[in-house]
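Computed from a prediction, not measured in an experiment: that's the story for all the values here. Each ligand, and each atom within it, is numbered from 1 in the order the structure gives.
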Amino acid sequence: MSGSFWFRNAIFYQALVGSFKDTTGSGVGTLRGVIDKLDYLKWLGVDCLWLSPFYASPMRDDGYDIADYYSIHPDYGTMADFEELVAELKKRDMRIMTDLALNHTSIEHEWFQQSRLDPNGPYGDYYVWGDDAQRYPEIRIIFTDAEDSNWQWDETRGQYYFHRFYSHQPDLNYDNPLVHEEVFNILSFWMDKGLDGFRLDAIPYLYERDGVGGESLPETIEFIEKIRRFLDENYPDAIMLAEANQPPSETMEFFGKGDRFHMVFNFPLMPRLFQAFALGDASPIYNIMAAMPTLPENCQWGTFVRNHDELTLEMVDEGNRSLLYSAYLPDDSMRAHVGIARRLAPLMGQDRRKIELMYSLLLTMPGSPFLYYGDEIGMLDDTSLPDRDAVRTPMQWEPGPGAGFTTSSHPRRPIVGGKGISVAEQVDDPESLLNVVRTMVQERKAHPELGTAPFEAVESGHIGVLAFERGGLLCLHNFCDETVDLGMVELGPYGYAWIPVEAAED
Ligand code: NOJ
């Protein structure tokens with residue numbers, strides 16, 4: 001069991017290295033750029049940074065297509081920069097988690113190159129090869145808008161390889177014990193650099209079996225337990241965070257009895273928050289919370305509203321999916337896979353009240369909150385960009401052409417801009433979104449019980465108001481565009497309040 005529970009009360013912040021801060025003038029963010037901005041993150045109240053993949057990669061899936069697990073993408077810097085980043089974080093008493101995609105690699109990975117060339121060689125069995133492109137028909141295609149099969153023909157080897165995601169991302173073969181060994185070597189390599197843990201990407205999909213959908217299979221769960229034992233034995237403070245976008249009951253599998261993941265993203269809750277806004281009705285949140293089992297004591301949810309992906313709607317039923325599309329997808333260019341590639345502020349119609357309400361939910365619902373870079377200043381998105389790049393544009397530090405992100409006139413991704421939407425324009429204004437978010441983060445920290453206290457639903461007496469008690473606080477959230485008088489307190493349109501329970505009882 002892990003030695004410390006720091007993650008149950010930490011504020012996490014997700015940054016994409018390439019879009020955070022450029023220090024070379026190339027138009028791409030760098031690790032040194034992240035170092036330059038650590039004081040900002042500390043000021044904001046961040047305890048743990050989550051960096052999306054920064055490894056060598058052809059970048060056809062923004063780095064989730066890893067070509068070498070042991071090296072830094074040259075655009076982002078060097079291993080020495082990474083080591084310095086870890087040291088600088090530690091100096092500030094902050095932590096770092098990195099992202100590991102273990103389900104698949106890039107086709108450019110050396111293992112794949114060897115595997116396709118020499119079926120009988122040492123890497124011949126590293127991937128899922130087959131002669132039958134109809135095998136595993138029960139396994140769903142995840143990127144339905146980009147792929148029509150999970151198999152891709154490889155001319156060199158004269159066989160098909162299996163892939164859950166893009167066809168340039170072949171799945172590793174977890175039936176091969178050598179692949180397990182590689183995983184443990186990768187984990188050790190990065191843990192020895194001083195990490196605090198990993199976000200494990202696409203984790204339900206490691207194994208495939210005939211006749212089943214191939215998600216969260218017992219073999220996959222067993223391997224997860226093996227990773228956990230390995231980390232507990234060798235790096236007892238390290239934490240594992242699961243990206244498992246599965247139906248609610250299956251999501252619980254990733255906690256096990258507290259012997260699998262320490263943290264799992266709360267995919268079941270996230271779309272219900274947006275649903276409540278769309279309906280002006282708090283019931284979707286009450287309902288999902290009533291269905292949510294208690295977590296093992298040493299575990300925690302990762303609460304999030306947005307990240308680098310589309311607002312995924314894979315796990316909501318058809319009726320709610322259409323509701324969410326009609327509320328949040330005014331234009332089909334904003335669609336990505338089975339979801340909506342937009343940032344928080346535009347999703348909330350750039351309505352400050354709604355954005356703040358969402359932050360209040362993020363900070364008071366059970367779990368540790370994950371902030372997504374740029375949303376704290378209300379960044380907009382560029383829906384003309386391909387795939388999910390709309391929500392991955394450069395962080396806006398200052399007004400003006402390079403946004404304080406770069407000196408290049410041709411950044412890799414365009415800067416979206418917008419009046420008042422930069423850190424420099426907001427930092428000294430106590431009324432700015434940035435300062436309101438920061439104050440809310442401080443409030444949350446002043447109530448550490450919000451990290452672990454159970455969720456006790458309270459009948460609010462109004463369909464549009466969510467009321468719950470957690471750790472001595474009565475938290476109220478109004479999803480209506482009108483003032484609601486609850487007797488003891490009045491909530492303005494989209495208003496929220498955190499009230500000490502004793503005060504509420506007076
Ligand atoms: C999940 C990641 O969050 C997403 O960005 C990526 O495209 C897929 N895994 C495939 O690697």
Not counting sequence neighbours, list each pair that qualifies as a salt bridge (charged side-chain N to carboxylate O under 4.0 Å, His left out) and has a residue in residues 328-350. Asp332-Arg335, Arg343-Asp375
Thr23: what forms a side chain to side chain donor-acceptor pair (under 3.5 Å) with it, not counting sequence neighbours? Thr30
Distance filter under 4.0 Å, heavy atoms only, around ligand 1 gives Asp61, Tyr64, His104, Phe143, Phe165, Gln169, Arg199, Asp201, Glu243, His308, Asp309, Arg388, Arg392
Phe255 six-ring centre to Lys257 NZ/CZ under 6.0 Å and within 45° of normal: no
Where does the angle between the aromatic ring planes of His308 and Tyr64 fall among parallel (under 30°), tilted (30 to 60°) and perpendicular (over 60°)? parallel
Does atom CD of Glu83 have more than 12 heavy-atom neighbours, drawn from other residues, nucleotides or ligands, at distances under 6.0 Å? yes
Test of understanding: with side chain to side chain donor-acceptor pair (under 3.5 Å), list the residues that count as partners of Tyr127, not counting sequence neighbours. Thr105
